[in-house]
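A quick write-up on the structure given underneath.
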Amino acid sequence: MDDAALLQRVVAGDASAFRELVVRYHPTLVKVARYYVGSAATAEDVAQDTWIAVMKGAASFEGRSSFKTWLLRILVNRARKTGTREHRQIPTDPVDPRQAQRFDERGMWREAPAPFTDVIDGRLSSAPLLAAVRAAISELPEPQQAVVTLRDVEGLSTEEVADLLDLSVANVRVILHRGRSKVRDAVESTVRGGE
Amino acid sequence: MALTKNIRCLDAVALISSYLDGGLGWRERRRLEHHLAGCPACTAYLDQLRVTVASTSTLTPEDVPSDVLDGLLDVFEKFHRDQD
Ligand SMILES: [Zn+2]
């Protein structure tokens, strides 16, 4: 059942529909909240408070945006009010210093990468691979974790992510590049380990 | 190809994530595609990143701790009981 249909049931008091929405989105809410607040416990509180607000405000959802966008907007507004974390410097240089080590002084690969497709074709969603991706994302520093989660896990557009997190589109692209390249490293280790 | 300045692998790799998202301007896209056409290593990297992003999009949500779920459901039931 899609989100909008579940929300209609939530309005009618259907607890199992509410449960399903929480199961779908709670982990993402916690990750995004973590971008704004100083501790994991506070992020969890903000995410839970968001669900209370959703339950009380479900009837007022007008469907002008998707449920997902509406939900994330509620979360971000609450997290911002709660947030005490000093925002770290947002990287703007597209060349990741960590990645730069893989190139020589002429900017050429020291060791050429090999395509993944040949190795893991058909195993794209294999359990060890997905476990590695999941672990790599949870180890990303903020804002990479929030950006990769919203863009690549939840499928928001780059523009939506920028709007939600109050970043420029260019910043989101740089952050995404850095986060994805770390997730790629994790996939590569799994692929190599599995050979 | 005087118009298409060749870029280094280091610079090409920095463009690939945005390239996958269709986020490059035409000049950058042209430069990157020109580079990729002659560079198997960066083409392999493009494949790696594409596979990585595709795998990420298939992730299912992590489990919500049962005490969190139970707590929220308690509040939900109480809220709707009070409404009646
Ligand atoms: Zn290259």
Side-chain angles (χ1 to χ4, degrees), chain A residues 10 13 15 18-19 22-28 44 47-48 51-52 55-56 93-96 99-100 102-103 106-109 111-118 120 124-125 129-130 132-134 137-138 148 151-153 155 157-158 169 173-174 176-178 180-181 183-184 186-188 191, chain B residues 6-25 28 32 35 38-84:
Chain A
V10 166
F18 182 65
R19 185 183 199 283
V22 173
V23 166
R24 273 184 202 179
Y25 294 117
H26 189 71
T28 291
E44 181 63 47
Q48 290 184 28
W51 288 114
I52 312 283
M55 131 191 357
K56 293 180 177 164
D93 183 356
V95 177
D96 187 339
Q99 201 171 42
R102 307 183 62 185
F103 300 89
R106 288 170 307 145
M108 308 268 287
W109 290 96
E111 193 191 340
F116 286 161
T117 311
D118 313 340
I120 57 175
L124 251 186
S125 52
L129 183 69
L130 291 184
V133 169
R134 194 189 294 285
I137 292 172
S138 68
V148 170
R151 177 74 185 95
D152 289 342
V153 181
S157 71
T158 305
V169 167
R173 292 198 198 287
V174 171
L176 201 53
H177 160 65
R178 293 192 174 199
R180 283 170 170 175
S181 85
V183 180
R184 189 218 67 94
V187 175
E188 184 171 57
V191 168
Chain B
N6 206 354
I7 52 174
R8 303 173 301 167
C9 294
L10 175 67
D11 308 306
V13 160
L15 297 174
I16 283 176
S17 167
S18 295
Y19 179 66
L20 284 177
D21 289 337
L24 294 183
E28 279 178 323
L32 178 63
H35 180 88
C39 182
C42 286
T43 303
Y45 186 88
L46 171 68
D47 173 81
Q48 292 186 337
L49 210 64
R50 186 178 276 142
V51 167
T52 299
V53 172
S55 298
T56 305
S57 73
T58 69
L59 285 184
T60 51
E62 287 155 51
D63 290 340
V64 178
S66 59
D67 59 323
V68 171
L69 212 44
D70 292 347
L72 286 170
L73 285 169
D74 280 351
V75 178
F76 186 86
E77 309 246 339
K78 185 174 185 307
F79 175 69
H80 280 277
R81 224 181 299 130
D82 293 348
Q83 297 255 296
D84 294 334

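Naming convention: chains lettered A, B, ... in sequence-line order (proteins, then strands); numbering from 1 in each chain.
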>> Using modelled atom types and a 3.5 Å cut-off, is there a donor and acceptor pairing between side-chain atoms of A:D152 and backbone atoms of B:V53?
In response: no

>> Counting the benzene-type ring for Trp, do B:Y45 and A:W109 have ring centres under 6.0 Å apart?
In response: yes

> Under a 4.5 Å heavy-atom cut-off, does chain B meet the side chain of A:S138, its backbone, both or neither?
Replying inline: neither

> In terms of heavy-atom pairs under 4.5 Å, which option from B:L20, B:V75, B:D21 contacts chain A the most?
Replying inline: B:D21

>> Can you tell me which portion of B:E77 sits under 4.5 Å from chain A's heavy atoms? Options are side chain, backbone, both or neither.
In response: side chain

>> Working to the nearest 0.5 angstrom, can you tell me the gap between B:L59 CG and A:L130 CG?
In response: 5.5 Å

> With a 4.5 angstrom heavy-atom cut-off, which part of A:V169 approaches chain B: side chain, backbone, both or neither?
Replying inline: neither

> Taking atom CG of B:D63 as the centre, does the number of heavy atoms from other residues, nucleotides or ligands within less than 6.0 Å exceed 12?
Replying inline: no

> Hey, what do you get for OG1 (B:T56) to CZ (A:R184), rounding to the nearest 0.5 Å?
Replying inline: 12.5 Å

> Does A:V22 reach the side chain of B:L73, with side-chain heavy atoms less than 4.5 Å apart?
Replying inline: no

> Can you tell if the side chain of A:F103 reaches within under 4.5 Å of the side chain of B:C9, non-hydrogen atoms only?
Replying inline: yes

> Is it the backbone or the side chain of A:R151 that comes under 4.5 Å from a heavy atom of chain B, or both, or neither?
Replying inline: side chain

> Minimum heavy-atom separation for A:A114 to B:A44, with atom names?
Replying inline: C-CB, 3.9 Å

> Roughly how far, to the nearest 0.5 Å, is CZ of A:F116 from CG of B:L46?
Replying inline: 12.0 Å

> So how far is it from A:S181 OG to B:L49 CG, rounded to the nearest 0.5 Å?
Replying inline: 8.0 Å

>> Can a side-chain donor-acceptor contact be found between B:S18 and A:R173 if the only test is distance below 3.5 angstrom?
In response: no

> Which region of B:L69, side chain (C-beta onward) or backbone (N, CA, C, O), has a non-hydrogen atom less than 4.5 Å from a non-hydrogen atom of chain A, or is it both or neither?
Replying inline: side chain

>> Can you give me the closest heavy-atom contact between A:P113 and B:A41, atom names plus distance?
In response: CG-O, 3.2 Å

> Rounded to the nearest 0.5 Å, how far does CG of B:L72 lie from CE of A:M55?
Replying inline: 6.0 Å

> Is there a side-chain contact between B:F79 and A:I52 (heavy atoms, below 4.5 Å)?
Replying inline: no

> Do the side chain of A:R134 and the main chain of B:T60 share a donor and acceptor less than 3.5 angstrom apart?
Replying inline: yes

> Is there a donor-acceptor pair under 3.5 Å between the side chain of A:R180 and the backbone N or O of B:S17?
Replying inline: yes

>> Looking at chain B, which one of A:G107, A:A47, A:G155 has the largest number of heavy-atom pairs inside 4.5 Å, strictly under?
In response: A:G107

> Looking at A:R24, A:E111, A:K56, which makes the most heavy-atom pairs under 4.5 Å with chain B?
Replying inline: A:K56

> Distance from B:R8 atom CZ to A:M108 atom CE, nearest 0.5 Å?
Replying inline: 11.0 Å

> Side chain, backbone, both or neither: which part of B:V64 has a heavy atom under 4.5 Å from chain A?
Replying inline: side chain

>> Could you report the tightest heavy-atom contact between B:S55 and A:V133, atom names first, then the distance?
In response: CB-CG2, 4.2 Å

> Sequence neighbours excluded, which residues qualify as side-chain hydrogen bond (donor to acceptor under 3.5 Å, both in side chains) partners of A:E44?
Replying inline: A:H26, A:Q48

> So does A:R19 have more than 12 non-hydrogen atoms from other groups sitting under 6.0 Å from CZ?
Replying inline: no

